[in-house]
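Take a look at the structure set out below.
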Amino acid sequence: MKKIVLFVLLSQGVLSAYAQTSFGILAGLSNATRRSSDKETSSSLKSYLLWHAGVAANLRLADRFYIQPQLLASAKGYRFEAHDLDDSQYSYSDLRGTERLLYLELPVNLLYKHPLGPRKLIAGGGPFIAYGLGGKGKADIKYRHLDQPIHQETTVKFENKTRLNTSDIGSYRYYKPLDAGLNFIAGNELNNGLCLNMNYSLGLTDISPSTGTYPDG
């Protein structure tokens with residue numbers, strides 16, 4: 001099932017100048033979600049407020065153009081919520097929960113900085129690649145034959161193939177470890193080096209394992 005990770009990053013950083021290169025620390029919030037090619041699944045996926053933090057370097061290329069590589073610890077994921085599900089397809093009627101994935105992420109952006117009074121306007125973008133480190137999920141499931149919801153917690157593992165037996169269903173979730181996509185930036189940089197940026201990152205890879213079949217069939 002095709003899954004695409006979308007998230008918006010609100011970033012701030014402080015840059016210290018050194019010759020034509022400056023370095024800084026980034027931290028901010030991410031409004032993350034996931035998309036699925038299955039319309040019914042996609043309709044239950046919601047945004048989830050998460051975080052990212054790391055370091056960045058600004059390398060001046062020419063005049064107002066810069067290359068900005070970053071190295072981030074980035075939390076991605078989603079909320080899900082579904083109610084009054086079709087009893088002919090599901091053994092439960094209601095479902096809600098969250099899933100959080102932790103990535104080590106490397107964006108490399110080409111930036112244009114336009115001077116405007118005491119600040120510079122920033123615009124640009126570039127590719128990113130990310131490697132999954134781990135994650136957790138939790139859900140509250142209302143089964144039709146039970147009076148109280150069941151709380152379930154899962155561990156996220158990053159591997160290219162599902163390695164579950166049916167007895168493990170509900171305990172583990174598998175995703176491919178590599179994610180990649182495009183990153184877009186707009187914001188302001190003050191003369192003291194403080195940056196206030198908004199990023200939009202679009203994941204373009206299928207992060208589902210290569211098989212949806214469990215090893216025991």
Side-chain angles (χ1 to χ4, degrees), residues 3-35 47-78 99-136 156 158-160 175-207:
K3 299 181 181 72
I4 296 177
V5 179
L6 296 171
F7 59 103
V8 177
L9 308 179
L10 302 178
S11 304
Q12 62 179 18
V14 178
L15 303 179
S16 59
Y18 178 74
Q20 296 299 311
T21 303
S22 58
F23 302 90
I25 298 172
L26 300 176
L29 300 177
S30 308
N31 194 24
T33 190
R34 190 190 82 181
R35 294 181 66 183
S47 60
Y48 189 17
L49 189 64
L50 293 166
W51 57 271
H52 70 280
V55 294
N58 277 315
L59 289 77
R60 188 172 184 177
L61 296 178
D63 195 13
R64 300 172 182 178
F65 289 92
Y66 294 77
I67 287 287
Q68 186 187 80
Q70 303 174 2
L71 184 62
L72 305 174
S74 183
K76 304 183 182 183
Y78 60 95
E99 191 166 81
R100 181 170 60 183
L101 316 175
L102 181 62
Y103 284 86
L104 183 65
E105 185 170 340
L106 177 64
V108 180
N109 300 306
L110 175 64
L111 301 181
Y112 176 78
K113 299 185 179 184
H114 181 74
L116 188 65
R119 65 184 187 276
K120 296 176 182 176
L121 298 182
I122 299 173
F128 75 84
I129 187 169
Y131 186 84
L133 301 178
K136 294 289 185 180
V156 173
F158 287 96
E159 296 188 19
N160 287 316
Y175 292 104
K176 292 179 181 179
L178 288 178
D179 187 21
L182 296 174
N183 190 45
F184 305 93
I185 298 178
N188 284 277
E189 179 182 323
L190 303 181
N191 286 340
N192 62 6
L194 178 67
C195 298
L196 298 174
N197 297 332
M198 177 173 286
N199 293 16
Y200 177 84
S201 294
L202 173 64
L204 298 176
T205 58
D206 183 350
I207 62 172

(message) Checking A57 now: which residues fulfil side chain to side chain contact (heavy atoms under 4.5 Å, CB included) with it, not counting sequence neighbours?
(response) F23, L59, P69
Taking atom [atom1] of [X] and atom [atom2] of [Y], what is their separation to the nearest 0.5 Å?
{"X": "L104", "Y": "L133", "atom1": "CG", "atom2": "CG", "answer": "6.0 Å"}
{"X": "R64", "Y": "Y66", "atom1": "CZ", "atom2": "OH", "answer": "10.0 Å"}
{"X": "S30", "Y": "L50", "atom1": "OG", "atom2": "CG", "answer": "6.5 Å"}
{"X": "N199", "Y": "Q70", "atom1": "CG", "atom2": "CD", "answer": "6.5 Å"}
{"X": "K136", "Y": "L101", "atom1": "NZ", "atom2": "CG", "answer": "12.5 Å"}
{"X": "K76", "Y": "Y175", "atom1": "NZ", "atom2": "OH", "answer": "13.0 Å"}

(request) Quick one: which residue pairs count as a side chain to side chain donor-acceptor pair (under 3.5 Å) with a foot in residues 117-131, not counting sequence neighbours? (result) R119-N188
Specify the closest pair of heavy atoms between [X] and [Y], including all atoms of both residues, with the distance to one decimal.
{"X": "N183", "Y": "P107", "value": "ND2-CB, 4.3 Å"}
{"X": "N31", "Y": "S47", "value": "OD1-CB, 3.2 Å"}
{"X": "G124", "Y": "L111", "value": "CA-CD2, 4.1 Å"}
{"X": "P127", "Y": "L182", "value": "CA-CD2, 4.3 Å"}

Are [X] and [Y] side-chain neighbours, meaning at least one heavy-atom pair lies under 4.5 Å?
{"X": "H52", "Y": "E105", "value": "no"}
{"X": "L110", "Y": "I67", "value": "yes"}
{"X": "P177", "Y": "N160", "value": "yes"}
{"X": "K176", "Y": "T205", "value": "no"}

(message) So, applying ring-ring contact (aromatic ring centres under 6.0 Å, His included) with Y103, which one of F128, F158, W51 is it?
(response) F158
(request) Keeping the roles fixed (side chain from N192, backbone from L194), state whether a donor-acceptor pair exists under 3.5 Å. (result) yes
(request) Examine distances only and state if a side-chain atom of N58 and a backbone atom of S22 form a donor-acceptor pair shorter than 3.5 Å. (result) no
(message) Within the supplied structure, the quantity of interest is the number of heavy atoms (other residues, nucleotides, ligands) at a distance under 6.0 Å from R100 CZ; does it exceed 12?
(response) no
(request) Would you please name every residue forming a ring pair (Phe, Tyr, Trp, His ring centres under 6.0 Å) with F65, sequence neighbours left out? (result) Y112
